[in-house]
Structure formats: structure tokens, C-alpha cells
Amino acid sequence: MDGRCGAVVLLKARNKFRNSGNLTITREIDVAKNQSSWFINKKSTTQKVVEEQVAALNIQVGNLCQFLPQDKVGEFAKLSKIELLEATEKSIGPPEMHRYHCELKNFREKEKQLETSCKEKTEYLEKMIQRNERYKQDVERFYERKRHLDLIEMLEAKRPWVEYENVRQEYEEVKLARDRVKEEVRKLKEGQIPMTRRIEEIERQRHSLEARIKEKATDIKETSQKCKQKQDIIERKDKQIEELQQALTVKQNEEHDRQRRISNTRKMIEDLQNELKTAENCENLQPQIDAITNDLRRIQDEKALCEGEVIDKRGEKETLEKEKKSVGDNIVRFDNLMNQKEDKLRQRYRDTYDAVLWLRNNRDKFKQRVCEPIMLTINMKDNKNAKYIENHISSNDLRAFVFESQEDMEVFLKEIRDNKKLRVNAVIAPKSSYADKAPSRSLNDLKQYGFFSYLRELFDAPDPVMSFLCCHYHIHEVPVGTERTREKIERVIQETRLKQMYTAEEKYVVKTSFYSNKVISSNTSLKVAQFLTVTVDLEQRRHLEEQLKEINRKLQAVEAGLIALYERNKHLEHKDNELRQKKKELLERKTKKRQLEQKISSKLGSLKLMEQDTCNLEEEERKASTKIKEINVQKAKLVTELTNFVKICTSLHIQKVDLILQNTTVISEKNKLESDYMAASSQLRLTEQHFIELDESRQRLLQKCKELMKRARQVCNLGAEQTVPQEYQTQVPTIPNGHNSSPPMAFQDLPNTLDEIDALLTEERSRASCFTGLNPTVVEEYTKREEEIEQLTEELKIKKVELDKYRENISQVKERWLNPLKELVEKINEKFSNFFSSMQCAGEVDLHTENEEDYDKYGIRIRVKFRSSTQLHELTPHHQSGGERSVSTMLYLMALQELNRCPFRVVDEINQGMDPINERRVFEMVVNTACKENTSQYFFITPKLLQNLPYSEKMTVLFVYNGPHMLEPNRWNLKAFQRRRRRITFTQPQ
């Protein structure tokens, strides 16, 4: 057909098992009519029939060439375990495997719905049955309550008659008791008359005795007063004698004291006279006193000078302390800025912050230098430029620890990731430092475009961090420009050939195509800086620390000077005190003679006065003895008079006691009679009170009997003149022969006492009150609910049959799906493990699920190990590096390809982003796989290859040349090329 108007696609499929021959499918495409015509073995058919035939062959007609591009590797790495299983089923599993999986998930969902429905219906049915059981009891209770109410009615009818009979019997008993008490009152009144007469006679006798007792008491009181007067006089005489003796004793003591003072004064005068004789001449002491005075003046001047120096030193110390405080505050402010950076790290990346704290406490475990996360070690010279650094360095590397040794990094990651389960990043600085590497182009050449600095010059960082950033991010090659740079960006890209650059608010990335050599640029807006906005001037902080050390040195010197001045001042003070003491002693020696003469004169005057003041002790003793004798004579006369009064008083007391005994006997007899009288009177009052109470009770019971009779007749609907029927009588009438009548009547079957009736009434009412909320509609509701229970039971049976059917389907589909899936995963695991073993690593693939019944939770788990010192870990974006994930992903896809048969396979640039070691390993693996017998033909496309790679004779290497000097496709002439090749061959020398 015409190439511009249509096309024909011819596909032949070899059939090994059918006798009908190969299958030839033809598709004719008509562009003008925008339609396609389908043919099978040159016979016209429809697209649907073609699809059915292809599906029957179980081949992927649309994927004869399996294509593994680089972007497919990236998409695969983002899949979860569940998504990975679905992708694997669709990729290499039989067509029905994914369909069985979907059916299992649908069956499981419907099974859950049926289980929930059955559970709800079962619970509802149980509630209905329980409720009907309660209603069944209510029906029985309804009739039980009616029987109790009938019995309560009979008891309430009998109770008034029993009350009447009880009150009537009580009335008769009270009437008999009232008559007995009336007779007792009369007898008690007659027995009290003789007792009253005897009490009056005894009362008159008692009054006579009490009058005589009062007369004796008056006489005793008068005599006692006279005795008291005599005793007071005798006591005064004793006191006079005591005062005379004390006065004599005082005079004797005074005379002895005067004699002692005279003796002491004479001795003192003698001592002073001896001291006066031995005192030296005092005229030679004045020169010594003058010399000491001059020394004191000189020491005072030195002390004043020393104190002035102390004041100066103190002022200098205060000034230095103020400077020290100011410098310390500035250092604290810088430390606070560092703390702000650590707070941001803790808030955003808690695991990294915890790892920083662990590192600070365990630096001794590492052999070489270990730098904290890059965002903490970088210090911006101007925080306005922080946005360039944060947009240039990835967030994963900004929070990464920088190591100089691979061994140290493995120790760190084993402790932090494996033991502490913290998600952290770590990188290794290059062995040879890149920190001071010069840029390939001088900044002066770029200033004409508006560039003012390279990224490296915008901040300070430790040498390992700076070396890592220069090596991996080429910060020494990336210039930073201004708004002027953005205005002439096209010119900058064409003339400078820079790969990356920054303007005021944008980042530009320039790439050159490997095929057409065209320049492609892309720009992105800069994000606002978040972590590096806090700037700490480390140079200024070091300057402040040096300044603080200098201040501390000066303070130590000032304090040493102060201590020396204090010691000197102390020495001068001690010397001043010694001179003053010497001067004081010389002055005392100079005035001592005059003082001694004055003391001797004073003591002689005192001695003369003491000798004149004399006392005659013998005369004083004689006078005191005479006065004491006269007082003792008077005292003896008073004692005789006191003895006579005491005898009279004793006689009067004896007479009074005799009268009191007589009066006591009379009072005792009177009290006994009054007690007997009071007892009789009390008994009489109680009996009279009892009589009154009984009479009132009789009246009350009589009235109550009438009321109860009236009430009982009303209850039984009897008139006032009607006789009481036999069945309403509370007692069975007695027949003259002594036997009870028969048969028993209605009231006779019930209790005959109020307590029993009340107890039975309370019991029956309590039982009846328990049957609350009952009504005649209970039976109707009970029957209706029985029918509903029967209907629900039938529905539940149908649901359970349906549930069993679904479970049987699940079991069948699960067996058809799970067993082939396990075999498929085992094959993938075998291929995957072999690939990893060939790389001296370890890896495995298994089918993972937490619950076998949750088919939507099944997934494929990949676990890998790249180092012999570690264990197998699940492949995640956090535990393995980017290169390790790329290798693992590519090997898994290759394992899938090994299980999926197809004639051609294309692998496009999968080595991009791998480190040289992994790239070499993957290349060797692809070569070994592609060069095996009976395998698909591989097309491996790559823009670059490592040196000294292994090649096989079964490989063909094709170089695709492309560039501005290549011929246009319409000028390509293969025959001309062949002729030219033959001419070159013929012209070459033999």
C-alpha cells in the first residue's frame, strides 16, 4: 500500500501443539478512512476474535521486545509490597493469576459482608427469643397477679372484723383492771393517817434540840476568839525576841568587817610606799616617746598611700569584670544562635538530632574525624545567601553525617540504624581534599554577567564537609549572580557554557544532548531557606574568646596585686599597733609616781575614818539579854491564860457533840417515817394515775368498738339492723355439745389474728406489686413475635448456606492462585539470589502477609545485604543508599525477565546513577545472561561505558554517531559507502 495513505502489519505465531499450522494475523490500516481491517490466515475477521486467539496462545503480542528504561527502574523503586505483587502478577504471571487474585479479594469482601449480615441477624434473633421468653413469663405472671388480688380482697374484708373482736376483748380486760385499781386506792388512803401524826411529834422534838446546839456553838465561838487573841500576843513576843537577836548579830558582823578593812588598808598603804621607793627617774623617757611618735607619723603616711593603691586596684578590677560580663554575654548570644539551628534540626529530623547527641557522647569510638550534620556545620557569611545553599544541596545530604573513614561510618550506622532504629544519613568525604580546589574559570571573567561569587565562598565549613560538597555538588564551580544575570541569561548560557548557575531568585541547569549536541536549559524558582538562615560569625566568636582570656589574665594580675597590698597594709597595721603600745607603756611609766602618791594619801584618809568609827560589843550584848528576859516573863503569863481558855472550849465542844447525837437520832427516825410516807404517797399517786388512765382507755376502747363495728358492716355491705352472717364471723360458734360446726366457712380459711392477716396482706401485696406493667395485650404480642422468630430463623439459614458457598469458592480459587504464586515467587527468589551471589552480596524474595485471609494485604518483600558485616534488611527508601536501591531494583527486574520468555529485550541506560563498582557488576551480569544458550536477544543502550569491561564473542558493539556534522538522513547512500570502502581496501598496501 501507499506509505502515505496506509500500512500493513503482519504477525506470524508458530504453533507447536496444534495441527492446524501456524497462526498468521494481518492488520491493514487505512489512514484516509481512519479504520483497520483484521485477517486471520488471510480470512477477514474482527478485532475481538483476534484478541481471543492471541489470549489463547498465552503470549504478549504487543511486547515482543521487553523494554527496561531507566525511568521504569525509578517507578519500580516507589512501589509498595502490595503494588509490587500486582505488578509481578501482571508482568510474568499467567493471565488468570491476577484475575484469580482479584476474584479472591472480591470473594473475601463479600464473605465479610455475609459474615456481618449473619452475625447481625443472629444477634437480632437471639434478642427476639430472649424478649419472647420474658413475655412468656409476663403472661404467666398476669394470671398469677389476678389470684393474688382476689386473696387481698378477702383479707381486706376480714380484717375489720378481726380488729373489732380484738378491741372488744381489750375493752373487757381494761374494765376489770379499772375496778381492781379503784379498790387499791381506797385501802392506801386509810393506811397513811397514823404515820402523819408521828411525823409531827418528832418534828417538834427536833426544833428544841437544834436551839440548844446553837447556844453551845455561840459559847464555843467566843472562847475560841479569846484563845486566838492570846496566841497572837505570844507570837508578837517571839518576834520581838528574834528582832533583838538579829540586831545584835548585825552589829557583831559590822565590827568584824571594819577590823578586816582596816588591816587590808594598812597592808595596801605599805605596798604602795614600797612601790614608790622603787620607781625610777622619769625624766629620760621623753626622747623615746618623741621617736615613737615620729615612727607612727611615717607609718600613717605609708598606710594612706597603700589604701589609695587598693582603691585604684579595686576600680580596675570592677572595670575588667564589667568587660568580662559583656564579652561572656556576646559568647552566650552566639551559642544561642547555634542552639536555634539545633532546635530546627530536632523539630524537623528528630532521629538525626538524637544521633547528634549520641555522637557527642561517643566520639572516642571513632578513629578519624566525624562531622555533625552538614546543616549544623555550615555557617553562612550572609544569611541572605542561605537559599542558594539549601536549594543546591539535597535535604538528605544536609542532614547527613560526614566521615573520613569507611570503617567509622559502618560502626556509626550499625549502632544508630540497626541497634537504635534511627533513620539517619551518612556520607564519606573524599580521601584527597577538594576543599581548596580552584574553579575552572576565574570569577573575574564572570563578573561581566552579574556573577559575584561561587557557592563555596558564601559560607564556612570544616574541611571534610567542604571537600565532600566540592566533590559531589561542585560548589566551587557554581557561580551566583544577580538580577542582571537573569536579564542576560541567554547570552550567559551560550558564552559561558556553565552547567549550573544561580540568579537572584532562580536556579538554571544547562545540559548538552549526547545525540544532537544541542544545549537544553531548565530553570526553577528558589525555595525559601529554612535551616541555614541563622548565621554565626565564628571569627568574631574566636576573637571574643581570646578577648575573654586576656581579660581573665588581667584580672588574675589585679587580684595578685590586691593580695600583696592587703598583706602590706596588714604589716603596717601590726607595726602601728606595736608602736602605740610602746608609747602607751612609756606614758604610763611617766605618770606612775604621781599616781602612787595620790593613792597613798587617799588610803591614809580612809584608814583614819575607819579607826574613829568604833563600837562596844559587850555593852550591846548585855542590853539585848536584859530585854529578852523581860519579854519571856510576859510570855509565860500569857501561856497560862491560854491554857485555861482551851480547857473551857474543850468542855463546850463535848456538850455540843452530845446534843448533835441526840438530834441526829431524832432526824433519822423522822427521815425513815417520811420515806415510808413518801413511798406510800407515791404508790397512791401511781395507783390513782393508773385508775385515771384505765378509765380513759375504757372510754376510748368503747368508742373504737363502735367505730370498728360500723366500718366492718360497711365493708361487708351490711345495714345497721342486719345481723352478722355466719361466714363473716371471726370465730367459729360453739355448739352446746362442745364440737365445732362443719364445714368451715370462707373467713375460717384465712388467719384469725391481725398480725397474721397484715403479714399475709403485705406478702400478697408485695407479690402483686411485682407484677407491674402487665396488660391483656401481652398474649397478642407474644404470639406475633413467635411468628417473626420463625421467619428470621429461615432467613438466617439461607444466609449461612450462601456463606458456606462463598467459602467453598474462596478455597478453590485460593488453591488455584496461591500455589502457582508461591512457585513463581520461589523462581524469582532463586534468580534474584543467584544474581546477588554473583556480586558477593546476598538477597532474597518472599511472599509476605500478616493474615492469610486478607488477600488484599499479600505482597512481595525484598531483603538485601551488601556488606558481610550486616544482616539482611528489607529494601526501603530509608535503609539503603540510592545506588544500592537502583542495583536491587534492576536485579529484580532482570529476574522477572528471566522468567518471561520473549524474542527481544532492550535495556536502556540503566547504568546511569550507579557507582563504578555496581555498574561493572551489573554489566558483567547482563553479559553473562545475554550470552547464554537459548536466551532472548538483548539490546543494551548506553551513552557511556567503563574501561576494561569483559566482552564476549557473542556480543556485537555498535557505535551510533550523532552531531552537527553528520549527514542528513535523505543524503544517506549505502552503496556509495560500500564502493568507498572497497576502494580504500584495494588501495591499501599488501
Problem set entry | Backbone of Tyr449 reached by a side-chain donor or acceptor of Thr485 within 3.5 Å | yes
Exercise. Can you tell me how far the SG atom of Cys470 sits from the CG atom of Asp436, to the nearest 0.5 Å?
Worked result: 8.5 Å
For this session: Decide yes or no on side-chain contact (heavy atoms from CB on, under 4.5 Å) for Tyr349 and Lys344, but give the supporting numbers first.
Result: CA-CA 8 Å; Tyr349 306 109; Lys344 289 184 178 181; over 6 Å; no
Exercise. Considering residues at least two apart in sequence or located in another chain, which fulfil the ring pair (Phe, Tyr, Trp, His ring centres under 6.0 Å) criterion with Phe451?
Worked result: none
For this session: Carefully, step by step, assess Glu487 and Arg484 under the rule salt bridge (Lys or Arg N to Asp or Glu O under 4.0 Å).
Result: CA-CA 5 Å; Glu487 294 174 355; Arg484 187 160 64 91; over 6 Å; no
For this session: Apply salt bridge (Lys or Arg N to Asp or Glu O under 4.0 Å) to Glu372 and list each qualifying residue two or more places apart in sequence or on a separate chain.
Result: Arg360, Arg363
Exercise. Is the shortest heavy-atom distance from the side chain of Lys381 to the side chain of Asp460 under 4.5 Å?
Worked result: yes
Seminar exercise, completed: For Asp354, the side chain to side chain donor-acceptor pair (under 3.5 Å) test, sequence neighbours excluded, returns Arg350
Exercise. Does any non-hydrogen side-chain atom of Ile428 lie less than 4.5 Å from one of Gln406?
Worked result: yes
Exercise. Counting only heavy atoms not in Lys414, do more than 12 fall under 6.0 Å of its NZ?
Worked result: no
Seminar exercise, completed: On a heavy-atom basis, the closest approach of Pro950 and Val927 is O-CG2, 4.1 Å
For this session: Over all heavy atoms of both residues, which pair between Arg920 and Gln947 is shortest? Give the atoms and the distance, please.
Result: NH2-O, 2.9 Å
Exercise. Given side chains that start at C-beta, do those of Pro462 and Arg369 come closer than 4.5 Å, heavy atoms only?
Worked result: yes
Exercise. How are the rings of Phe403 and Phe412 set relative to one another: parallel (under 30°), tilted (30 to 60°) or perpendicular (over 60°)?
Worked result: tilted
Exercise. Can you tell me how far CG of Leu458 sits from CD1 of Ile378, rounded to the nearest 0.5 angstrom?
Worked result: 10.5 Å
Exercise. Which atoms form the tightest heavy-atom contact between Gly481 and Phe452, and what is the distance?
Worked result: O-CE2, 3.5 Å
Exercise. Heavy atoms, side chains only, cut-off 4.5 Å: are Ile860 and Val845 in contact?
Worked result: yes
Exercise. Can you tell if the side chain of Ile862 reaches within under 4.5 Å of the side chain of Phe832, non-hydrogen atoms only?
Worked result: yes
For this session: Sequence neighbours left out, what passes side chain to side chain donor-acceptor pair (under 3.5 Å) with Ser440? Give chain and number order.
Result: Glu477
For this session: Please identify each residue that fulfils salt bridge (Lys or Arg N to Asp or Glu O under 4.0 Å) with Glu844, with sequence neighbours left out.
Result: Arg863
For this session: For Tyr951, enumerate each residue passing the ring pair (Phe, Tyr, Trp, His ring centres under 6.0 Å) test, keeping only those at least two apart in sequence or located in another chain.
Result: Phe923
Exercise. Can you list every ring-ring contact (aromatic ring centres under 6.0 Å, His included) pair that touches residues 463-506, not counting sequence neighbours?
Worked result: Tyr388-Tyr502, His392-Tyr473, His392-Tyr502, Phe468-His472
For this session: Could you tell me whether a side-chain N or O of Asp397 sits under 3.5 Å from a main-chain N or O of Ile393, the two making a donor and an acceptor?
Result: no
Problem set entry | Pairs meeting criterion salt bridge (Lys or Arg N to Asp or Glu O under 4.0 Å) with involvement of residues 439-458, two or more places apart | none
Exercise. Does Val492 offer a backbone N or O that forms a donor-acceptor pair with the side chain of Thr496 under 3.5 Å?
Worked result: yes
Problem set entry | Whether His101 and Tyr858 hold their rings parallel, tilted or perpendicular, with breakpoints at 30° and 60° | perpendicular
Exercise. Do Ile389 and Asn391 have side chains that get closer than 4.5 Å, going by heavy atoms?
Worked result: no
For this session: Sequence neighbours left out, what passes ring pair (Phe, Tyr, Trp, His ring centres under 6.0 Å) with Phe459? Give chain and number order.
Result: none
Problem set entry | Expected output: side-chain Ser833 to main-chain Gly843 donor-acceptor under 3.5 Å | yes
Exercise. Is Arg417 close to Arg423 at the side-chain level, that is, under 4.5 Å between some pair of heavy atoms?
Worked result: no
Exercise. Hey, what do you get for CG (Asp351) to CZ (Arg399), rounding to the nearest 0.5 Å?
Worked result: 8.5 Å
For this session: Carefully, step by step, assess Ile416 and Trp358 under the rule side-chain contact (heavy atoms from CB on, under 4.5 Å).
Result: CA-CA 9 Å; Ile416 298 300; Trp358 182 89; 3.9 Å; yes
For this session: With rounding to the nearest 0.5 Å, note down the distance linking CE in Met466 to OG1 in Thr377.
Result: 9.0 Å
Exercise. At their closest point, which heavy atom of Met501 faces which heavy atom of Ile489, and how far apart are they?
Worked result: SD-CD1, 3.8 Å
Problem set entry | Residues forming a ring pair (Phe, Tyr, Trp, His ring centres under 6.0 Å) with Phe866, sequence neighbours excluded | Phe836
Seminar exercise, completed: Here the gap from Leu398 atom CG to Asn425 atom CG, rounded to the nearest 0.5 Å, amounts to 10.5 Å
For this session: Might you point out which heavy atoms bring Ile493 and Val519 nearest each other, and give the distance in Å?
Result: CG2-CG1, 3.9 Å
For this session: Go through His873 and Asp418 one step at a time and tell me if the side-chain contact (heavy atoms from CB on, under 4.5 Å) criterion holds.
Result: CA-CA 10 Å; His873 288 282; Asp418 299 343; 3.5 Å; yes
For this session: Check whether any side-chain heavy atom of Thr482 lies under 4.5 Å from a side-chain heavy atom of Thr503, and answer yes or no.
Result: no
Problem set entry | Partners passing salt bridge (Lys or Arg N to Asp or Glu O under 4.0 Å) against Glu407 (at least two apart in sequence or in another chain) | Lys367
Exercise. Near Glu490 CD, under 6.0 Å, is it more than 12 heavy atoms from other residues, nucleotides or ligands?
Worked result: no
Seminar exercise, completed: Residue pairs meeting salt bridge (Lys or Arg N to Asp or Glu O under 4.0 Å), one or both in residues 494-510, sequence neighbours left out, come to Lys387-Glu505, Arg491-Glu495
Exercise. More than 12 heavy atoms of other residues, nucleotides or ligands under 6.0 Å from CD of Gln871: is that the case?
Worked result: no
For this session: Kindly determine whether Leu446 and Tyr454 satisfy side-chain contact (heavy atoms from CB on, under 4.5 Å), including the steps that lead there.
Result: CA-CA 10 Å; Leu446 299 177; Tyr454 284 107; 3.4 Å; yes
Exercise. If you take all heavy atoms of Leu345 and Pro373, which pair is closest and at what distance?
Worked result: CD2-CG, 4.4 Å
Seminar exercise, completed: Distance col, row Asp30:CG vs Asn34:CG, nearest 0.5 angstrom, shows 9.0 Å
